[in-house]
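Here is the structure we will look at, set down as structure tokens.
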Amino acid sequence: MTESYQPQAIESKWQREWEATELYRSRVDWDKPKHYALTMLPYPSGDLHIGHWFAMTPSDARARWMRMRGYNVLFPMGFDAFGLPAEQAAISRNIHPWKWTYANIERMRAQLRSMGAMFDWEREAISCTPEYYKWSEWFFKRFFEHGIAYRGSALVNWSETLQTVLANEQVIDGKDERTGQPVQQKMMEQWFFRITQYADELLDFEGMDWPPSIKIMQTNWIGRSEGARATFHTEIGGHPIEIYTTRPDTLWGATFMVLAPEHELVKKITTAERRESVYSYLEQAGKQTEVERMLEDREKTGVFTGAYAINPVNDERIPIWIADYVMITYGTGAIMAVPAHDQRDFEFARAHDLPIRVVIQPEDMEEPLRDATMSEAYDGPGVMVNSDAMNGSRSTWQKGRKNPAINRVIDWLEATGKGRESVNYRLRDWLISRQRYWGGPIPMMYEGDQIVPVPDEDLPVELPEDVDFMPTGRSPLTYHEPFFKVSETARRETDTLDTFMCSSWYQLRYLSPHCDTAPFDAEEAAYWLPVDVYTGGAEHAVMHLLYTRFFTKALRDIGVYDEAAEAMRRHGRDPEGAFDEPMTVLRNQGQVLGAERQGDFVLCSGRMAGSRLMAERVEVVDWNQVPAGFEGVFGEIAHRTEDVLHVNMAGLTQFVEVQPDAEIIIPDIPGANNVNQLRHHLDIQRMSKSKGNVVNPDELVAKYGADVVRCYLMFNFDWQKGGPWNENNIKGPLGWLNDVWDIAMAGPPGSAGDAAAERDLERKLHQTIDVINRGLEDFSFNTAIAEQMKFKNALRAALRAGRIGAETWRAVMHRLIRLLAPFAPHIAEEIWARLGWEYSVHRQPWPQYDAEKAREDVVDLVVMINGKPRQTIPVAADIQRERAQELALASAAAQRFLQAGQPPKRAIFIPGRKGMDPKVNIVV
RNA sequence: GAGGAAGUGGCGGAAUUGGCAGACGCGCAUGACUUAGGAUCAUGUCUCUUUGAGGUGAGGGUUCGAGUCCCUCCUUCCUCACCA
């Protein structure tokens with residue numbers, strides 16, 4: 001009896017060996033092609049989650065594959081170590097953020113090592129160390145010098161819960177992205193990065209192999225729109241009010257104006273008799289959070305200021321209103337309202353009895369639009385009317401200058417000085433300062449009303465350790481006099497940097513994490529940049545992934561890459577475009593969801609139809625006793641298909657069809673429930689501690705070994721999609737690795753072997769190599785492993801049949817183990833060593849694919865009748881059109897469908913392209 | 001409201017991008033070995049009225065041929081959301 005596969009006995013041994021022999025150190029080598037594979041660095045929250053394994057181990061397999069294929073691969077790891085949780089731990093548990101963070105890093109490092117990934121730990125970077133954040137500060141200073149960083153006043157998102165401001169990207173639905181608590185809009189002076197200056201360049205994804213969805217999300221977030229600005233003036237006082245519009249062709253249809261409640265002119269222009277109602281509206285609007293504004297009924301509220309404006313295009317006198325449907329943060333915070341052609345303005349006009357005037361008349365309607373009879377705004381194409389000299393201009397669906405009417409009006413506005421063409425963006429400047437302790441200090445000081453940067457030689461400004469964490473919610477730095485008091489007259493900035501700034505350049509710090517003369521070593525950068533493949537979650541689409549692109553472009557523009565570009569030229573590489581984008585290829589993994597719920601008990605009542613219960617009422621309960629006197633179906637839900645529940649009732653399966661209007665009671669979900677919610681509740685749920693469905697990778701590794709966990713994660717999901725956890729499925733990869741082990745340990749067979757079987761096995765091996773290559777290239781890890789399982793099955797069958805000789809066995813194993821190495825690095829190393837081959841399997845070249853050897857001699861000719869496959873005929877692989885058609889027409893299937901003696905209408909030959917069988921489609 | 005992705009067995013998922021739908025695995029069934037089986041091995045496993053026929057959320061269309069392309073719905077997920 002041979003020894004069985006025991007991962008626990010081999011994994012830590014090899015992990016130590018790999019460390020001791022520096023197997024995964026990556027060094028610049030200009031003679032080898034480089035590959036920078038990067039996976040998003042974790043936040044040191046305390047424990048590695050299964051999601052980290054899901055993101056990282058397939059990325060590791062791919063990096064290993066690239067390495068075996070001859071690339072010099074850099075695959076680093078680090079920690080994004082600043083952030084609020086550390087500070088909250090300090091307050092609630094009285095542990096210093098340093099201690100908490102470093103303890104977590106220690107723990108997670110060990111967990112990361114247990115993956116058996118090829119991380120180069122010599123390049124580890126931790127963003128909360130002074131040697132790291134010194135350079136975050138240094139970048140801030142350079143940005144300040146180049147006008148990219150500035151201090152300014154703006155309406156910002158203030159989180160009362162977190163006691164800090166947040167960037168727009170970190171607010172979702174008016175709530176803070178991390179805690180889900182509402183934020184308020186507040187006028188505050190803060191530090192910003194001028195990301196809007198890069199808006200147009202950020203819209204250009206030329207040459208970037210990123211998921212289309214990410215490109216679309218970023219494009220929408222930037223929100224470029226083309227239109228015009230025009231200046232209206234108040235009738236009294238002549239105050240200018242600038243408006244932005246995408247529809248300058250409707251300027252003649254403006255019947256009133258609307259200012260955002262926060263607009264600076266509001267208080268100036270409001271007349272005495274309107275003051276009371278305007279001020280009470282402002283007060284009411286100011287109290288509302290973003291969430292409340294959205295929860296409000298969609299009725300358009302607003303008040304008249306009493307003031308009028310003159311429309312510059314036709315000198316008309318129109319009333320100025322205030323309404324909260326106009327946002328101060330978009331455009332100019334003021335609009336011209338054209339109710340006939342804008343739905344929001346239309347609703348407002350109807351609600352407040354304001355006039356409506358058609359200025360675009362559609363041509364293809366039976367009835368022309370009339371001011372009085374419109375039931376909704378019309379925003380389609382037509383001809384300009386009621387617009388003086390512009391009448392007759394054709395307005396189309398097109399936007400901006402491409403629309404003839406808009407084009408003509410913009411020209412006219414510019415010629416008459418009444419307005420100008422304008423491009424507007426939804427993107428705001430990046431608010432970078434945080435009123436928190438646990439972040440990189442902002443290297444700035446205030447002296448009187450002067451802003452003074454901390455001199456470079458004083459960097460880094462270090463975070464003081466001896467601070468008091470008080471439950472006031474405010475940063476301890478604001479109480480720490482030795483920190484903020486630089487001199488009698490100078491005060492240090494106590495705000496810190498958004499952690500997203502630190503993670504915007506970590507890919508650069510990995511290149512030389514301990515370099516103390518520059519943020520990164522120019523030679524390293526010249527060789528490794530840009531990142532070739534980046535993997536991570538899609539939740540960073542408009543945060544990290546947008547910020548790091550901006551950061552890269554800003555660094556390029558201020559000359560941070562100049563030295564690296566010089567080094568590239570010296571080594572004969574063209575630096576053109578190398579520093580425009582941080583990552584060439586991006587792929588997002590999906591999310592591993594909690595296990596499917598089973599074992600819910602339900603009470604179902606209704607009427608029986610045959611053996612089926614047509615349920616009018618379904619209640620989910622957490623006890624398993626039949627209530628006294630209950631008539632109906634009670635039991636555990638075994639399965640669900642659509643609306644049919646399979647309920648296990650005392651060993652019998654009962655079918656319950658949930659009626660569309662059935663009453664459904666799910667205690668976890670209050671209020672009226674519907675079938676969808678029931679389905680959802682029973683199906684998949686996100687992993688979370690409160691639901692108790694979190695999967696702990698450490699336990700899995702202890703139970704099955706890291707290789708099995710890695711392979712399970714790669715095999716049982718579409719990696720880019722994710723899916724529900726199901727530990728039952730782990731048996732697949734477990735059985736596979738056991739089988740490979742057993743085949744290897746059994747040693748070469750004693751049989752002589754059979755030439756045809758050996759040739760067939762060789763062919764299958766090459767086909768397998770091809771599929772694995774394609775799978776890894778396309779991040780289709782599941783098919784790559786499926787193909788290896790298939791090959792293992794074929795190998796085992798051939799061995800059992802005694803048709804493989806010792807020599808062939810060895811030659812096959814020599815490649816099989818190398819194919820296994822990227823996926824299951826420990827078992828591959830162990831088998832490699834036991835079969836007597838030289839350390840390490842991970843230094844071996846990847847098995848070469850030979851298309852000639854993969855080719856089949858005999859293939860199945862598929863005979864199709866009207867596109868339906870009916871019969872197959874074994875034929876030579878190189879069969880030609882005439883012969884194939886001849887055989888197909890003579891086949892039994894063809895004879896059955898063809899009337900006696902009748903020729904077919906057509907016979908189409910489809911040659912057997914790569915791995916596909918040839919076909920003849922006969923049309924009868 | 002706007003934009004995007006997706007819908008395939010009991011389950012996770014394949015289908016080389018328009019060419020034999022359901023690879024591979026889980027589960028299940030039958031059998032073997034066994035005191036035992038949640039071990040191992042073998043065989044089978046889309047459906048049906050089974051010499052054949054039908055089948056990828058529903059309905060249309062394009063094509064010799066559609067899971068794949070086009071149109072109209074339905075459902076789910078994600079992102080943004082009074083964006084002027």
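To find a chain, count down the sequence lines: A is the first, B the second, and so on, and within it residues start at 1.
For the pair A:M217/A:L546, no side-chain contact is recorded, criterion being any heavy-atom separation below 4.5 Å from C-beta on.
B:rC69 and B:rG25: their P atoms are spaced 29 Å apart (whole Å). Only the P atoms considered, B:rC74 is 42 Å distant from B:rU51, to the nearest whole Å. B:rA14 and B:rU8 are spaced 12 Å apart, taking the P atom of each and rounding to whole Å. The gap from the C1' atom of B:rG61 to that of B:rU68 amounts to 15 Å, rounded to the nearest Å. Nucleotides B:rU56 and B:rG7 place their C1' atoms 9 Å apart, quoted to the nearest Å.
Using bins of under 30°, 30° to 60° and over 60° for the plane-to-plane angle, the ring pair A:W719/A:F54 lands in the tilted bin. Taking the six-membered ring where the residue is Trp, A:H352 and A:F348 present tilted rings, their angle falling between 30° and 60°. Below 30°, between 30° and 60°, or above 60°: for A:W741 and A:Y5 the angle between ring planes is between 30° and 60°, a tilted geometry.
Heavy atoms of A:G912 sit nowhere under 4.0 angstrom from any nucleic acid atom.
When the side-chain nitrogen and oxygen atoms of A:K721 are compared with OP1 and OP2 of B:rG12, none of them lie within a distance under 4.0 Å. When the side-chain nitrogen and oxygen atoms of A:R229 are compared with OP1 and OP2 of B:rA84, none of them lie within a distance under 4.0 Å. Residue A:R796 places at least one side-chain N or O under 4.0 Å from the OP1 or OP2 atom of B:rC41.
Taking the ring axis of A:W53 as reference, the NZ or CZ atom of A:R710 does not stay both within 45° of it and closer than 6.0 Å to the ring centre.
With A:M257 as the partner, the side-chain contact (heavy atoms from CB on, under 4.5 Å) test is satisfied by one option alone out of A:I322, A:V326, A:N311, A:I243: A:I243.
Helical stems involving RNA chain B, defined as 3 or more consecutive Watson-Crick or G-U pairs under 3.5 Å, span B:1-7 with B:74-80, B:10-12 with B:24-26, B:27-32 with B:40-45, B:46-48 with B:52-54, B:57-61 with B:69-73.
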